[in-house]
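Notes to accompany the following structure.
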Amino acid sequence: MSRKPVRPDDSESTDARPFYRNPWFWAGVIGIAAVTCVRPFMVRVPPPPPPGSPVAVFAATDPAGAAVDLASLAGETW
């Protein structure tokens, strides 16, 4: 008694198991989670730049015609 091999129809899927049973799915999930968890520890924060040198006293005029000097810019980034 010999049995003939059964061929799946074109309409049927050859892999009937659900996606969450696939080991490649879990490898991808674990890989993405690992990269996400490790990433904050691998970020290199550079040291802050050294403080700038003192600026000489000056006086100038801005494009609107107002006078600008060192005292008016104190405490601002420029």
Side-chain angles (χ1 to χ4, degrees):
M1 281 178 92
S2 139
R3 291 185 153 181
K4 291 183 179 180
V6 178
R7 291 185 178 170
D9 293 340
D10 290 337
S11 63
E12 293 182 18
S13 173
T14 58
D15 189 13
R17 65 183 180 184
F19 71 92
Y20 57 84
R21 297 285 308 233
N22 189 336
W24 288 107
F25 169 76
W26 289 110
V29 169
I30 291 170
I32 290 171
V35 168
T36 304
C37 292
V38 171
R39 174 86 174 123
F41 299 107
M42 297 182 71
V43 174
R44 181 183 167 274
V45 177
S53 59
V55 178
V57 178
F58 68 92
T61 307
D62 71 359
V68 177
D69 58 357
L70 186 59
S72 68
L73 297 175
E76 297 182 21
T77 303
W78 48 279

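Of all the heavy atoms in Val57 and Leu70, the pair that sits closest is CA-CD2, 4.2 Å. Minimum interatomic distance between Pro40 and Cys37 (heavy atoms only, all atoms of both residues): CD-O, 3.5 Å.
Within a 6.0 Å sphere centred on OH of Tyr20, heavy atoms belonging to other residues, nucleotides or ligands number 12 at most.
Here the CD1-CZ distance, from Ile30 to Phe25, works out to 10.0 Å after rounding to the nearest 0.5 Å.
Identified under the side chain to side chain donor-acceptor pair (under 3.5 Å) test for residues 58-75, with sequence neighbours left out: Asp69-Ser72.
A side chain to side chain contact (heavy atoms under 4.5 Å, CB included) with Ile32 is found for one member of Val35, Val29, Thr36 and no other, namely Thr36.
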